[in-house]
Amino acid sequence: MNSTIQCLHSVPELKSALIKYSHSERSNDVDQTSHMLTIATRGLFSELDKSVKAVAPMQFWMVLRKKYPQFGQQHNGTFMQQDAEECWSQLLYTLSQSLRSSSSSESPDSVKALFGIELVSRVHCVESGEESSEAESVYSLKCHISHEVNHLHEGLKHGLKSELEKNSPSLGRSAIYVKESLINGLPRYLTIQFVRFFWKRESNQKAKILRKVDYPLQLDIFDLCSDDLRKTLEAPRQRLRDEEGKKLGLKPSEKSSDSKDKDIEMSDVEGSSNRSGESSNPTSDEGAMTGIYDLVAVLTHKGRSADSGHYVAWVKQESGKWIQYDDDNPYPQKEEDITKLSGGGDWHMAYICLYKARTIRM
């Protein structure tokens with residue numbers, strides 16, 4: 001819970017959306033516990049911003065367990081280990097419901113605008129040749145880990161392709177379908193889960209994959225995008241290359257000669273927010289997407305078992321420095337040490353990575 005909160009607390013636009021949330025006016029389509037959890041999240045974020053000492057999140061913890069009783073499960077009188085990814089997903093889902101219904105027409109869904117990834121998928125049956133397409137919105141991409149995956153990019157490609165068994169109308173029986181997905185809409189913040197835990201049938205328990213999977217400080221997902229999205233990304237990417245080239249003293253490309261005449265503002269890694277968490281509306285024009293993302297937070301798990309171990313958050317500050325939040329103990333960290341959390345042993349290994357979009361004014 002602590003590691004999830006510290007990672008999400010680093011998103012100024014989420015703080016901003018929570019500040020605007022009405023304490024008293026609960027919408028009819030939001031249940032009372034979701035409303036209470038949203039209020040408790042806002043209160044906890046506010047406490048963390050004001051306090052220089054550790055904060056005891058008792059109110060938030062109580063409401064979280066009321067909304068999601070699984071987090072209150074006990075075994076022999078002690079609270080059981082829970083999955084940080086489930087805590088992250090459940091909390092974001094609750095906030096997406098309550099912040100969507102409370103916000104104005106300009107921002108139909110703050111959480112979806114910030115974290116929602118639009119996917120378009122082709123589903124085809126190898127046996128019958130049947131083919132269909134579908135669109136969906138998800139809040140994270142999965143990095144699937146197998147013996148051939150050494151890098152995040154390879155794992156993401158695996159995660160966007162899957163097999164499913166369903167009824168085939170033309171064959172009159174169930175058949176195997178292959179689902180291949182591409183990204184058709186990008187979020188301001190890209191959440192990636194490393195699928196490290198799986199159910200082991202032989203031992204009838206959850207096991208952990210310790211394999212080392214490298215991930216970058218800067219992630220480019222252009223080749224995971226649909227053709228339509230790639231077309232819209234091309235001009236901003238060229239603009240970004242020209243800007244970076246200018247810094248190195250190179251001439252901009254011929255295609256975008258107008259860039260010589262205009263001042264281009266590129267949002268830095270921490271975006272256009274100020275320190276209090278007040279920022280521009282996440283759905284307002286904060287610059288064009290480039291498909292390039294910068295790492296801003298990592299949630300790690302230490303230990304060999306899924307039912308034990310320890311979760312920790314590693315968060316990039318506005319100054320560019322990193323802090324490791326180990327429960328109520330913060331420790332400064334060097335950026336080069338952040339990419340060493342890639343697994344392969346008993347040390348902390350990345351379980352969730354949060355990347356922020358690099359955007360450019362056009």
Side-chain angles (χ1 to χ4, degrees), residues 1-74 78-104 107-116 139-140 189 191 273 275-279 281-282 296-297 299 310-313 315 323 325-330 352 354:
M1 184 189 84
N2 178 63
S3 53
T4 293
I5 284 291
Q6 292 290 9
C7 289
L8 293 177
H9 177 249
S10 73
V11 178
E13 297 92 335
L14 183 59
K15 285 191 217 175
S16 207
L18 282 163
I19 288 165
K20 291 174 195 155
Y21 183 72
S22 170
H23 193 106
S24 52
E25 296 169 32
R26 176 172 66 89
S27 163
N28 291 333
D29 54 353
V30 174
D31 63 272
Q32 181 62 25
T33 48
S34 293
H35 175 66
M36 285 164 63
L37 184 55
T38 306
I39 295 293
T41 307
R42 185 179 70 182
L44 180 53
F45 278 14
S46 172
E47 265 191 281
L48 285 168
D49 283 338
K50 288 172 189 165
S51 177
V52 288
K53 291 181 180 171
V55 167
M58 298 314 290
Q59 182 64 28
F60 177 85
W61 186 47
M62 279 160 55
V63 181
L64 180 71
R65 286 185 299 165
K66 192 171 182 181
K67 173 69 187 166
Y68 298 107
Q70 72 190 76
F71 300 129
Q73 288 175 334
Q74 293 192 23
T78 57
F79 286 104
M80 291 167 69
Q81 173 89 347
Q82 298 295 334
D83 190 326
E85 189 277 328
E86 286 178 19
C87 182
W88 182 297
S89 299
Q90 307 277 45
L91 181 57
L92 261 195
Y93 175 75
T94 299
L95 295 178
S96 74
Q97 297 300 300
S98 48
L99 295 176
R100 177 176 60 195
S101 53
S102 75
S103 54
S104 65
S107 163
D109 187 346
S110 326
V111 174
K112 194 172 180 182
L114 288 172
F115 301 98
Y139 282 99
S140 66
Y189 291 85
T191 307
S273 61
R275 290 184 180 274
S276 70
E278 287 288 339
S279 69
N281 190 307
V296 290
L299 187 152
H310 186 49
Y311 289 105
V312 165
V315 180
I323 290 182
Y325 291 101
D326 186 346
D327 289 338
D328 52 354
N329 299 308
I352 298 173
L354 185 65

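All values below come from the heavy atoms of this structure, side chains included, with hydrogens, waters and symmetry mates left out.
- Side-chain contact between L18 and L95: present, with at least one pair of heavy atoms (C-beta onward) separated by less than 4.5 Å.
- Between atom CE of residue M1 and atom CG of residue L44 there is a gap of 7.0 Å, rounded to the nearest 0.5 Å.
- Shown here for Q73 and Q82, the closest heavy-atom pair between the two residues is OE1-NE2, 3.2 Å.
- L8 has its side chain within reach of W88: a pair of non-hydrogen atoms, C-beta onward, lies under 4.5 Å apart.
- The line from CG of L354 to SG of C7 is 7.0 Å long, rounded to the nearest 0.5 Å.
- With contacts defined as side-chain heavy-atom distances shorter than 4.5 Å, the pair L91/I5 qualifies.
- Interatomic distance, NZ of K67 versus NE2 of H35, reported as 13.0 Å (0.5 Å rounding).
- In this structure, L14 and L99 have side chains that are in contact, with non-hydrogen atoms separated by less than 4.5 Å.
- Here the closest heavy-atom approach between residue A84 and residue T4 is recorded as O-OG1, 3.5 Å.
- Atoms OG1 and OH, from T191 and Y139 in turn, are 10.5 Å apart once rounded to the nearest 0.5 Å.
- Side-chain contact, K112 with S96: no donor N or O sits under 3.5 Å from an acceptor N or O.
- Here the closest heavy-atom approach between residue L64 and residue C87 is recorded as CD2-SG, 4.2 Å.
- Atom OH of Y325 sits about 8.5 Å away from atom CG of L48, to the nearest 0.5 Å.
- Counting all heavy atoms, side chain and backbone alike, K15 lies closest to D49 at NZ-OD1, 3.1 Å.
- Here the side chains of T41 and Y21 are not in contact, with every heavy-atom distance at 4.5 Å or above.
- Distance alone, capped at 3.5 Å, is enough to place a donor-acceptor pair between the D31 side chain and the S34 backbone.
- Atom NZ in K20 sits 13.0 Å away from atom CZ in R42 (nearest 0.5 Å).
- By the 30° and 60° cut-offs, the orientation of the rings of H9 relative to F45 is perpendicular.
- With sequence neighbours excluded, the residues forming a ring-ring contact (aromatic ring centres under 6.0 Å, His included) with F79 are W61, listed by chain and number.
- Applying the salt bridge (Lys or Arg N to Asp or Glu O under 4.0 Å) rule to pairs touching residues 82-96 yields D83-K206, E85-K142, sequence neighbours excluded.
- Nearest heavy atoms, T38 versus S98: OG1-OG, 2.6 Å.
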